[in-house]
Amino acid sequence: MKRVIVDYKKLTTEILSLLVEKFPDGYGDDDIIHFKNSKNEAIEAIEVRSEDAIYLVKVSTRLAYSMENFDEDDDDDFTTSPDENINTEQIDIEDTDDDTD
């Protein structure tokens, strides 16, 4: 199963739909995962899973806004700019039981 880090600006309708389904009332502090990426930058993200991938979506105020305004019945309202290619960062993440920041 692939693991992908996605910025809110690069969300697809599929990922946003999964987020809204998993967090219908929004996400809380307990849902946020803290880790460092390959550039040793601190990242905060929320996890959502599809059949073939685990997505870590970077947390921001715009993510919350996108989730609140996403209408599952009208996918045409959610678009990205034509110059914004889906650019994801695939990483290997090991499952651990300890909560380290």
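Checked against salt bridge (Lys or Arg N to Asp or Glu O under 4.0 Å), E47 has the following partners two or more places apart in sequence or in another chain: R49. Annotation: side-chain hydrogen bond (donor to acceptor under 3.5 Å, both in side chains) contacts of E51 (sequence neighbours excluded): none. Residues passing the side chain to side chain contact (heavy atoms under 4.5 Å, CB included) test with I32, sequence neighbours excluded: Y27, D29, H34, E44, I46, V59.
Looking at every heavy atom in both residues, S50 comes nearest to E14 through CB-OE2, 4.0 Å.
Of the inter-residue distances, the one linking I43 atom CD1 with E41 atom CD reads 5.5 Å to the nearest 0.5 angstrom. In this structure, the separation between NZ on K22 and CG on D31 is 7.0 Å, given to the nearest 0.5 Å. The CD1 atom of I5 sits 4.0 Å away from the CZ atom of F35 when rounded to the nearest 0.5 Å.
For the pair N37 (side chain) and N40 (backbone), a donor-acceptor distance under 3.5 Å is present.
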Between R3 and L56, is a side-chain contact (heavy atoms from CB on, under 4.5 Å) present by the stated rule, with each step listed?
CA-CA 8 Å; R3 293 171 170 92; L56 294 174; over 6 Å; no
Using side-chain contact (heavy atoms from CB on, under 4.5 Å), reason through L19 and V57 one step at a time and then give a plain yes or no.
CA-CA 9 Å; L19 283 168; V57 181; 4.0 Å; yes
